[in-house]
Amino acid sequence: MTKPLRIAIVGAGMGGLAAAAALRRVGIEITVYEQAAQFARIGAGIQIGCNAMKVLRELGLEQRLRAQSFYPRSWNNRDWRTGEVKFDMIFGESAERKFGAPYLLAHRGDLHAALASAVPSECVRLGHKLVGLDETGDGVRLSFANGVTSDADALIGADGVHSLVRDLLFGASPVNFTGRIAYRTTYPAALLDGQGIDDCTKWWGEDRHIVIYYVKPDRSEVYFVTSQPEPDFTIESWSAKGDVRELRAAFEGFHSQVTKVLAACPDVHKWAIVDRHALKRWADRNVTLLGDACHPMTPYMAQGAAMAIEDAAVLSRCLDGVERDGVADAFRRFEATRRERTARVQQTSRTNTWLKEKTDTDWVYAYDAWTVPLAG
Ligand SMILES: Cc1cc2nc3c(=O)[nH]c(=O)nc-3n(C[C@H](O)[C@H](O)[C@H](O)COP(=O)(O)OP(=O)(O)OC[C@H]3O[C@@H](n4cnc5c(N)ncnc54)[C@H](O)[C@@H]3O)c2cc1C
């Protein structure tokens, strides 16, 4: 019997954990290395598109996510001031039937915890920050900041938008700061004092917008995320605090639903919005990138994590039954299968026009990463 492939995954974010769960399904031994000492529950929501839900279903997570997340009737798009509906993208049961899976609105921490539950904890090494990488004749050697070194047959760099694996493979290059920032937070809906809000609405302003939705099935928790110009902002951090007074001022004059949500908001975090143009290559011999490491995008289609999760399913199909000498070719096929779609989503997201008016969404939500033809 041949030995199972041993693959190291750097990064236990959405993409790394999804890849770990998907690769285990096809008998690959995986170890996930994560720089953080523990998983933090960041106050953020995440839209789980029908396309991502198809992958998560096969990973055994559908029931758990349905039980923990909000099931919206639609993603509505309204004018910032008048509230006029520009385009109401209906989800709920009709979209579920059409696209083959539900569209869910989750707490980001719940999605992350669900993915973590699909990977045995003994396969995840926290407190391991990758600092070096050598491609040896028959695999890869990883070095970590804590002094540990480790060998594997292959490596998946799922280390996010500032990927070190990418820098080591293809040379360092800065991300593209869009000149815009996002405020976001979740908080108990009880703070709204009984004032109801729509299920999920993007309020389109002239040079800024805000998306507001519930993230719990009983509407007990609210989330919002904004986008507005701030060309001088430089820090990108999951934990940069924002100033709620500045935020409220920035959305003065918006519809009363927006101003009420902002008035009730206790505190907020702030991010720079960054992306990259499509990379020329994702893989080099027995190392590949996955998720934001190779195709980071603006959040305007709510598809960044969905793309990483789709990557995981396709990569597992490319690696199914492959032995060590076939890994480089499997990584090449993975890249060839995924490149065009992810580049199109990056490009479409950058324009920030998704659902602003009647939009063809089939190409995004109907995609099934388990059945899409693999590149030859
Ligand atoms: C404001 C905002 C809203 C968004 N909303 C949505 C949405 O609604 N729906 C959606 O699908 N997507 C959304 N996204 C995008 C989504 O968050 C990302 O696309 C997704 O998190 C990418 O997953 P990833 O696993 O590739 O990277 P990450 O989730 O960033 O994970 C990377 C992991 O690698 C670890 N790491 C990094 N460097 C090292 C190292 N050297 N050694 C070890 N570990 C390392 C990090 O600690 C991290 O855990 C949003 C993004 C933003 C900014």
Side-chain angles (χ1 to χ4, degrees), residues 8-20 32-40 42-53 55-56 69 75 103-108 111-112 115-116 124-133 142-146 148 155-168 175 178 180-185 200 202 210-211 213 215 223-227 236-238 240 268-276 289-312 342 345-346 349 354 364:
I9 299 174
V10 174
M14 303 295 180
L17 290 175
V32 186
Y33 298 96
E34 166 59 46
Q35 63 185 358
Q38 58 188 48
F39 293 139
I42 296 145
I46 192 154
Q47 309 201 27
I48 312 178
C50 312
N51 49 319
M53 273 310 296
V55 175
L56 297 167
S69 312
W75 165 347
Y103 195 96
L104 298 178
L105 305 177
H107 193 293
R108 191 184 163 90
L111 175 58
H112 191 266
L115 285 165
V124 182
R125 308 264 190 281
L126 297 172
H128 281 64
K129 180 181 167 68
L130 183 81
V131 290
L133 162 64
L142 314 180
S143 327
F144 298 95
N146 59 10
V148 171
L155 166 68
I156 298 168
D159 48 346
V161 62
H162 300 294
S163 171
L164 175 70
V165 177
R166 185 199 49 233
D167 288 356
L168 293 173
V175 289
T178 59
R180 303 181 65 86
I181 56 100
Y183 286 99
R184 64 175 171 173
T185 196
C200 173
K202 181 164 178 175
I210 178 167
V211 183
Y213 54 83
V215 293
Y223 166 70
F224 67 78
V225 56
T226 71
S227 169
E236 205 218 355
S237 152
W238 284 103
V268 77
H269 283 73
K270 188 173 179 180
W271 280 261
I273 298 181
V274 301
D275 74 351
R276 276 183 192 280
L289 304 172
L290 173 149
D292 274 8
C294 49
H295 46 67
M297 57 188 69
T298 59
Y300 306 143
M301 286 171 77
Q303 279 289 323
M307 288 302 112
I309 290 168
E310 286 182 359
D311 282 351
T342 54
V345 177
Q346 278 178 300
S349 195
W354 186 247
V364 175

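Along the sequence shown, residues are numbered consecutively beginning with 1. One-based numbering, in listed order, for ligands and for the atoms of each.
- Taking all heavy atoms of Met301, Arg108, His112 into account, the minimum distance to atom 29 (O) of ligand 1 is reached by Arg108.
- The shortest N or O to N or O distance between Ala182 and ligand 1 is not below 3.5 Å.
- Qualifying side-chain contact (heavy atoms from CB on, under 4.5 Å) partners for Asn146, counting only residues two or more places apart in sequence or in other chains: His128, Phe144, Val148.
- Checked against salt bridge (charged side-chain N to carboxylate O under 4.0 Å, His left out), Glu34 has no partners two or more places apart in sequence or in another chain.
- The shortest N or O to N or O distance between Ala302 and ligand 1 is below 3.5 Å.
- Distances from atom 32 (C) of ligand 1 to the heavy atoms of Ala158, Gly11, Ala145, Ala12 show the closest one on Ala158.
- Each of the atoms 1 (C) of ligand 1 lies under 4.0 Å from some heavy atom of Val225.
- Ligand 1 is approached by Tyr33 to a heavy-atom distance shorter than 4.0 Å.
- Using a 4.0 Å cut-off between heavy atoms, His128 contacts ligand 1 through its backbone alone, with no side-chain atom that close.
- Distances from atom 52 (C) of ligand 1 to the heavy atoms of Ala305, Pro299, Ala308, Pro296 put Pro299 nearest.
- Considering only non-hydrogen atoms, atom 43 (C) of ligand 1 lies nearest to Gln35 out of His269, Met14, Gln35.
- Applying the 4.0 Å criterion to heavy atoms of Gly13 picks out, from ligand 1, the atoms 25 (O), 29 (O), 31 (O), 33 (C), 49 (O).
- Inclusion of Gln47 in the set of residues having an N or O under 3.5 Å from an N or O of ligand 1 is warranted.
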